[in-house]
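Okay, structure first, notes after.
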Amino acid sequence: MTLTHYAFSSSYFMSFLGLIFYRKHLLSALLCLEAMMLILFISLCLWGLILASTVFSAGPMILLAFSACEASAGLALLVAMARTHGTDRLKNLSLLQC
Amino acid sequence: MVYMTYLLLIGLVLGLAAVASNPSPYFAALGLVTVAGMSCGILVGYGGSFLSLILFLIYLGGMLVVFAYSAALASEPYPEGWGSWPVSTLMLVYVLLVVCVSVFFSGGWFEGSWVTVDEFSEFTLFRGDSGGVALMYSSGGGVLMLGGWVLLLTLFVVLELTRGLSRGTLRAV
């Protein structure tokens with residue numbers, strides 16, 4: 001495992017921990033998810049670049065398109081939550097639960 | 001160039017620790033901008049200049065504008081930066097965790113592991129990665145159509161999610 005691989009793996013797991021250990025704002029969780037997708041894009045690019053198989057360069061493009069879909073769906077959930085509940089705090093979803 | 005790449009990698013890890021320690025969304029978006037810039041530099045260092053350009057234009061130009069807009073939507077009166085103690089403690093814990101785990105993996109780090117693509121083709125017109133991306137339009141046409149279809153489907157998903165107060169998917173019951 002080289003330094004580059006270690007940097008990507010550790011940053012991926014850091015953003016993963018930041019996603020699963022945080023329950024306050026929805027937008028922070030979405031930002032951590034977006035950071036995970038960014039790290040996946042970088043590591044998929046570097047897979048082709050280090051191995052000098054540049055035919056694989058179309059793979060990160062497709063991943064970027066799918067991550068745009070994921071980000072837009074998450075932000076649509078955020079907008080819907082801000083319209084129905086007034087804020088993006090996750091505690092507000094179960095505030096009036098009986 | 002090796003030390004430059006190592007510096008960019010350290011900046012990537014620090015920026016990810018700044019995002020993952022969950023400050024307020026304004027600051028987290030700033031950290032994500034930092035991470036995207038560092039990763040553009042890393043891709044250039046490894047020889048993928050076209051992929052770096054794509055990342056810079058699409059990611060910084062497209063997504064982060066939307067995220068900044070959403071941060072303005074979900075604003076709060078007292079934002080929490082990296083100066084407040086829960087955020088700074090969490091960031092310190094993440095950085096220390098990375099440093100401690102790196103002791104186990106630091107045996108195989110040597111400078112020869114840094115190999116760029118297209119190392120001996122300095123004078124050609126096309127870089128290898130731009131040629132590889134261009135293959136998406138010929139051989140990968142099916143996947144390209146699939147991606148376009150998924151983007152169209154996401155448009156309807158977003159319209160259905162944000163339809164209204166009592167008709168949308170997420171409702172205040």
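Values reported hereafter were calculated over all heavy atoms of this structure, with side chains retained and with hydrogens, waters and symmetry mates removed. All values derive from a computational prediction rather than experimental measurement. Chain naming here is simple, since letters A, B, ... match the order of the sequence lines and numbering starts at 1 in each.
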Considering residues, nucleotides and ligands other than Phe13(A), do more than 12 of their heavy atoms fall under 6.0 Å from its CZ?
-> no

Tell me, do Met37(A) and Tyr59(B) make a side-chain contact under 4.5 Å, heavy atoms counted?
-> no

For the residue pair Ala35(A) and Leu32(B), what are the closest heavy atoms and their distance?
-> CB-CD1, 3.6 Å

Based on non-hydrogen pairs under 4.5 Å, which of Val19(B), Leu51(B), Leu135(B), Val35(B) is most in contact with chain A?
-> Leu51(B)

Correct closest heavy-atom pair for Met136(B) and Met61(A) would be SD-CB, 3.8 Å

Name the option with the most non-hydrogen atom pairs under 4.5 Å to chain B; the candidates are Cys69(A), Ala80(A), Ala7(A).
-> Cys69(A)

Side chains of Leu38(A) and Ser39(B) in contact at under 4.5 Å (non-hydrogen atoms) = yes

Neighbour count above 12 (heavy atom, 6.0 Å) for Phe66(A) CZ = yes

Per-residue contact mode, Glu70(A) against chain B (heavy atom under 4.5 angstrom) | neither

Sort Tyr94(B) into side chain, backbone, both or neither according to what part of it lies under 4.5 angstrom from a heavy atom of chain A.
-> both

For each of Ile58(B), Val101(B), Ile10(B), Leu155(B), tally heavy-atom pairs with chain A at distances under 4.5 Å, and name the one with the top tally.
-> Val101(B)

Between Leu12(B), Asn22(B), Leu153(B), which residue shows the highest count of heavy-atom pairs closer than 4.5 Å to chain A?
-> Asn22(B)

Residue pair Leu161(B) / Ala73(A): nearest heavy atoms and the distance that separates them = CD1-O, 3.8 Å

Locate the shortest heavy-atom distance separating Leu31(A) from Ala28(B); write the atom from each residue and the value.
-> CD1-CB, 3.4 Å

Leu151(B) portion near chain A, given a 4.5 angstrom heavy-atom threshold = both

Leu90(B) vs Phe21(A) side-chain heavy atoms within contact, under 4.5 Å | no

Is the number of heavy atoms from other residues, nucleotides or ligands within 6.0 Å of CZ (Phe56(A)) greater than 12?
-> yes

Whatever's closer than 4.5 Å to a heavy atom in chain A on Ala36(B) counts as both

Contact summary for Met14(A) and Leu16(B), nearest pair of heavy atoms = CE-CB, 4.0 Å

Flag the pair Phe105(B) / Leu3(A) as yes when at least one side-chain heavy-atom distance between them is below 4.5 Å, and no otherwise.
-> no

Could you pull out the closest heavy-atom pair between Ser57(A) and Val133(B), with the gap in Å?
-> O-CG2, 3.6 Å

